[in-house]
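Heads up: the structure comes next, in structure tokens.
Here is how names work: the chains are called A, B, and so on, in the same order as the sequence lines, proteins then strands, and each is numbered from 1. Keep in mind that the numbers below use all heavy atoms, side chains included, and drop hydrogens, waters and symmetry copies.
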Amino acid sequence: MEIEKGKTAKWLKEQRPVPKEVTGKLKEFTKIKKGILNALKEGDKTIPELAKILDMPQDEVVFQLMSLLKYGFVETGEMDDMDEYFYYKIKNNGKN
Amino acid sequence: MQQENRKLNFDVLVVGGGIAGGESALNLANLGYKVLLVEKELSIGGKMILLSKVFPTLDCAACITTPKVSEIARHPNITIFTGAEAKNITKKGEHQFEAVVLKKPRYVVVEDCTGCQLCEEACPVSVTDEYQYGLAGRKAAFIPFSIASPRAAAIDIENCILCGACERACPTNCIDFTQTEEEVLVKIKSVVVATGFNLFDPLKIPRYNYGKAKNIITSMQMERQLAPTRPYNTILRPGDGKMPDNIAYVLCTGSRDKSIGNPICSQICCMYSIKQAQLLMGALPMADVTIYYLHIRAFGKGFNEFYAQAQDMGVEFVKGKVGKITEKENGNLMLRYEDIEAGVVKEAEHDMVVLSVGVLPNMEISESFKTEKLALDPFNFVNQSDVLASPAKTSIEGVFVAGTASGPMDIPDSILSGGAASAETTSYLRRASL
């Protein structure tokens with residue numbers, strides 16, 4: 001049977017299911033992404049501020065925020081008064 | 001998965017597409033030999049393509065690697081298999097080798113991919129980016145890094161949710177989830193082993209607390225932070241995003257240390273740490289950088305001057321052996337070390353620590369040789385059977401070694417070694433036609 005170009009992912013999904021932990025990881029990322037972007041919609045924030053609002057370890061905020069920076073959802077703002085932390089702000093209202 | 005079988009003929013199989021393998025392949029191809037370059041990663045360029053700058057000239061590593069990589073990629077006499085491994089290499093006779101090359105599916109037709117990144121944008125998945133050494137994320141449909149060669153997308157099938165968003169976004173219809181693993185039988189006349197090295201994993205030294213204390217990173221992670229294609233907006237502590245201002249380097253992490261099974265010097269750590277210290281002084285003008293060392297080995301051309309330059313710039317050098325690193329509540333790190341000159345144990349606080357990890361052998365390739373054994377040296381690098389007279393020669397006639405597969409060495413020496421391997425391969429091949 002000829003598999004239609006552009007629909008091969010659907011074909012592979014029919015051959016084998018997607019493992020639960022893979023979909024679970026996506027759900028978690030989507031939740032964190034929403035949390036970070038919603039917090040930034042309220043105003044620019046530093047990493048410690050985001051960690052406090054989201055109740056997340058700071059190192060995890062660094063990882064996720066830097067990923068969102070790379071994906072184009074977030075951009076870098078000014079430095080804080082102590083010259084320690086950057087503020088990060090939402091880009092294009094959270095749409096990349 | 002289904003397996004397809006193909007048969008191909010080449011003059012030389014080069015295993016490893018780093019700077020040494022690339023140099024060998026290019027020289028051989030320029031002499032008219034047909035070369036198959038097999039690379040296990042999704043891009044050629046090895047570790048060098050991911051570096052920031054090189055010592056002692058501070059030239060941009062990517063600016064040296066990319067033209068070379070592009071020349072290799074476009075050479076009519078070089079065929080490149082990325083995402084592939086040479087599994088079974090058998091010697092049938094002089095100038096007669098056979099190899100089974102396992103090609104893993106990329107799920108993208110490389111020739112049709114324009115590198116537009118629309119699939120990357122459409123992919124909803126985010127996982128740890130191995131090319132940023134875990135510092136940030138990447139998508140499951142992704143281009144490994146911006147200067148990758150081929151600059152084509154790949155699908156990380158392990159983390160893909162098969163939603164099809166990438167396929168719908170792709171303007172050239174080059175994504176193909178029907179691709180399967182392929183075994184290719186190749187006939188060659190000689191082999192160049194350029195499989196490079198592994199970096200020491202500092203998790204093997206629990207007293208340094210790497211992995212637990214988030215502001216301790218490896219030198220390769222710092223290399224990524226200093227590179228133009230860096231993971232962060234600037235140099236930051238991965239633990240909390242603070243800009244560091246007091247950075248320590250711990251030399252000989254995983255080198256010259258019998259307790260972790262690697263008694264030899266890695267040859268590059270002193271110099272790359274001095275290089276990074278200089279780059280950090282430029283990137284963070286207010287920062288203090290301290291290097292804890294046993295001996296500074298600045299033996300190459302221009303190396304000692306480079307060391308002196310770092311001292312003049314204000315990098316502090318402490319002759320000291322670090323015993324233990326502990327984390328404070330604010331994420332800062334306490335280094336307990338033996339001040340070798342004063343003969344006392346001291347403690348110092350830093351806000352970021354870089355572990356200058358050493359060079360370990362990549363032994364895997366020796367298992368691929370089935371008929372004759374590819375001998376390893378006492379430290380498990382590929383043994384050079386005639387190191388003085390014929391440094392690329394291995395225990396198998398017709399199999400040559402290039403670059404760090406034979407032992408720790410820096411970039412210029414790797415390129416020289418790649419050149420030597422190609423010359424010795426040529427001389428072996430020419431003997432066939434005499």
Where do [X] and [Y] come nearest, in terms of heavy atoms and distance?
X         : Y         : answer
Phe177(B) : Trp11(A)  : O-CZ3, 3.7 Å
Asp240(B) : Ile47(A)  : O-CG2, 3.4 Å
Lys7(A)   : Glu167(B) : N-OE2, 3.4 Å
Ile161(B) : Val18(A)  : O-CG2, 3.3 Å
Phe86(A)  : Thr234(B) : CE1-CG2, 3.3 Å
Ser67(A)  : Ala136(B) : OG-C, 3.8 Å

Show the numbers, then the answer: is there a side-chain contact (heavy atoms from CB on, under 4.5 Å) between Lys70(A) and Asp129(B)? CA-CA 11 Å; Lys70(A) 177 180 168 187; Asp129(B) 186 351; 3.2 Å; yes
Can you tell me how far apart [atom1] ([X]) and [atom2] ([Y]) are? Round to the nearest 0.5 Å.
X         : Y         : atom1 : atom2 : answer
Glu84(A)  : Arg237(B) : CD    : CZ    : 8.5 Å
Leu12(A)  : Leu162(B) : CG    : CG    : 5.0 Å
Lys242(B) : Asp80(A)  : NZ    : CG    : 10.0 Å
Asn233(B) : Met66(A)  : CG    : CE    : 5.0 Å

Give a yes or no answer on whether the side chain of Tyr71(A) reaches the backbone of Arg138(B) with a donor-acceptor pair at less than 3.5 Å.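 Between the backbone of Arg138(B) and the side chain of Tyr71(A) there is a qualifying donor-acceptor contact (under 3.5 Å).
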If you count heavy-atom pairs under 4.5 Å with chain B, which of Lys10(A), Lys13(A), Glu60(A), Glu75(A) comes out on top?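 Heavy-atom pair counts peak at Lys13(A).
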Among Asp83(A), Thr46(A), Leu26(A), which residue has the highest count of heavy-atom pairs closer than 4.5 Å to chain B?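 Heavy-atom pairs under 4.5 Å are most numerous for Leu26(A).
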Contacting region of Pro231(B) [heavy-atom separation from chain A under 4.5 Å]: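 For Pro231(B), backbone heavy atoms alone lie under 4.5 Å from chain A.
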Portion of Thr23(A) that has a non-hydrogen atom of chain B nearer than 4.5 angstrom: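 Both parts, backbone and side chain.
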4.5 Å side-chain heavy-atom contact, Thr30(A) and Pro124(B):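 The answer is no; the side chains never approach within 4.5 Å.
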